[in-house]
A.B. asks: 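Pasting in a structure now, in structure tokens, and then I'll have a few things to ask.
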Amino acid sequence: MRLRGAPWPLVVAAALTFALAAWGAAQWSLIPIAIDDQVVAVRYQSESGYHWRILDLDDGRHLVIDRRITDQFEDWEHLGGRRATKAAGERELVVGDERAGLALSGEFWKVVLTMGAIGATAIWRAGRAVERACATGSSDAGGASTAG
Amino acid sequence: MAIGAALAVQLVFPYRHDWPAHLLGGAGAMILGAAAAPRALHRLTASIGFVALVALSWATEVQIFHPFDLVDAAFTLAGAVLTFQAADQLGRCRGRPRAVAAAWGAALVVASLWYRYGTSVGPT
């Protein structure tokens, strides 16, 4: 990747976007999240098909979670009213007297790879544009590489 | 490039039609913002645009596209990342290129909203 030629604000923006996406996708697994609350409902995430569900908690949080988590419960559509507990970083969710193992899903890795590719493409193209402009002696080139 | 990236995202995630829409919307908003930004700020146009989009994507995710999902906001920002360099160069332009870019930016935002609300890809 041509990091040298790319404007550094773009590199920072791409890194921040990548970090947000990775952190957000990790939250689907519930691993980074602490929960000690009553479940209000577990429902489908209407627009996104099979891979995610929404966990509504009594404290007002609506967590988008991997479907794989709820599939481990016997009757996931009727978890409302039960207490859910887990500490941040823990790989097990307890709801009532049932337990579900937590792991990063395939969707997490797909998001990470896609975001990595998008950021790398943007930086590579910006670096190339600056290099090309420098090679042709355009006065805009220096500005483009140092802007921001 | 943003349209190509949105198509690629749709191919990778065929059950998430909202993510290509977020990406196109972010790209369009970045271009639109850069076209409207005063030329005096040209050195900071792209950076200011990106920071504004961080706030905007966060706010819209909380207020409009809930439940809040950080990945949705990240796809909006990915659109801004893809158009960062173009926004940077646009900040130095005046006149017609800005008008053309503004039209493209507005078209991308409208297209993203149409795709977000006008289609339903994948099971619901």
Side-chain angles (χ1 to χ4, degrees), chain A residues 6-28 43-52 54-56 61-65 107-108 110-111 113-115 117-123 125-130 133 139-140 143-148, chain B residues 1-2 4-6 8-9 11-19 23 26 30 42-51 53-54 57-58 61 65-89 91-93 116-117 119-124:
Chain A
W8 67 262
L10 169 60
V11 177
V12 172
L16 178 69
T17 302
F18 179 83
L20 286 178
W23 181 248
Q27 289 188 328
W28 295 334
R43 53 195 169 96
Y44 290 98
Q45 191 186 29
S46 59
E47 81 224 22
S48 54
Y50 294 131
H51 292 276
W52 296 271
I54 297 170
L55 173 63
D56 296 326
R61 280 187 289 176
H62 307 284
L63 304 174
V64 178
I65 63 172
E107 295 306 311
F108 167 84
K110 277 166 73 176
V111 165
L113 287 174
T114 303
M115 282 297 180
I118 287 173
T121 304
I123 291 169
R125 278 182 62 101
R128 249 186 67 186
V130 169
S139 60
D140 233 20
S145 64
T146 56
Chain B
M1 186 161 71
V9 167
L11 281 175
V12 175
F13 304 98
Y15 35 80
R16 292 297 300 245
H17 67 286
D18 55 331
W19 285 347
L23 194 144
M30 186 76 163
H42 69 88
R43 284 188 174 276
L44 294 170
T45 302
S47 301
I48 291 173
F50 184 81
V51 171
L53 266 180
V54 171
S57 62
W58 200 284
E61 193 57 26
F65 303 125
H66 43 79
F68 182 81
D69 190 346
L70 212 43
V71 179
D72 293 355
F75 270 104
T76 305
L77 296 178
V81 165
L82 284 170
T83 49
F84 197 99
Q85 181 76 355
D88 184 48
Q89 287 165 352
R92 292 160 222 285
C93 299
R116 173 71 168 75
Y117 293 107
T119 67
S120 182
V121 177
T124 56

A.B. asks: What part of Phe75(B) lies closer than 4.5 angstrom to a heavy atom of chain A: side chain, backbone, both or neither?
C.D. replies: both
A.B. asks: How long is the gap from OG1 on Thr83(B) to CG on Leu10(A), to the nearest 0.5 Å?
C.D. replies: 10.0 Å
A.B. asks: With only heavy atoms counted, which part of Ala78(B) is less than 4.5 Å from chain A, the side chain, the backbone, both or neither?
C.D. replies: both
A.B. asks: Of the listed residues (Ala80(B), Ala74(B), Ala86(B)), which shares the most heavy-atom pairs with chain A below a 4.5 Å separation?
C.D. replies: Ala74(B)
A.B. asks: Run the salt bridge (Lys or Arg N to Asp or Glu O under 4.0 Å) test against Glu61(B) and tell me which residues pass, sequence neighbours left out.
C.D. replies: none
A.B. asks: Report yes if some heavy atom in the side chain of Arg16(B) is under 4.5 Å from a heavy atom in the side chain of Asp72(B); otherwise report no.
C.D. replies: yes
A.B. asks: Does Phe13(B) have any ring-ring contact (aromatic ring centres under 6.0 Å, His included) partners at least two apart in sequence or in another chain, and if so, which?
C.D. replies: Trp19(B)
A.B. asks: Considering only heavy atoms, which portion of Leu16(A) lies under 4.5 Å from any heavy atom of chain B: side chain, backbone, both, or neither?
C.D. replies: side chain
A.B. asks: Where do Leu82(B) and Ala5(B) come nearest, in terms of heavy atoms and distance?
C.D. replies: CD1-CB, 3.4 Å
A.B. asks: For Val111(A), which atoms come within 4.5 Å of any heavy atom of chain B: side chain, backbone, both, or neither?
C.D. replies: both
A.B. asks: What part of Ile48(B) gets closer than 4.5 Å to chain A, counting heavy atoms only: side chain, backbone, both or neither?
C.D. replies: neither
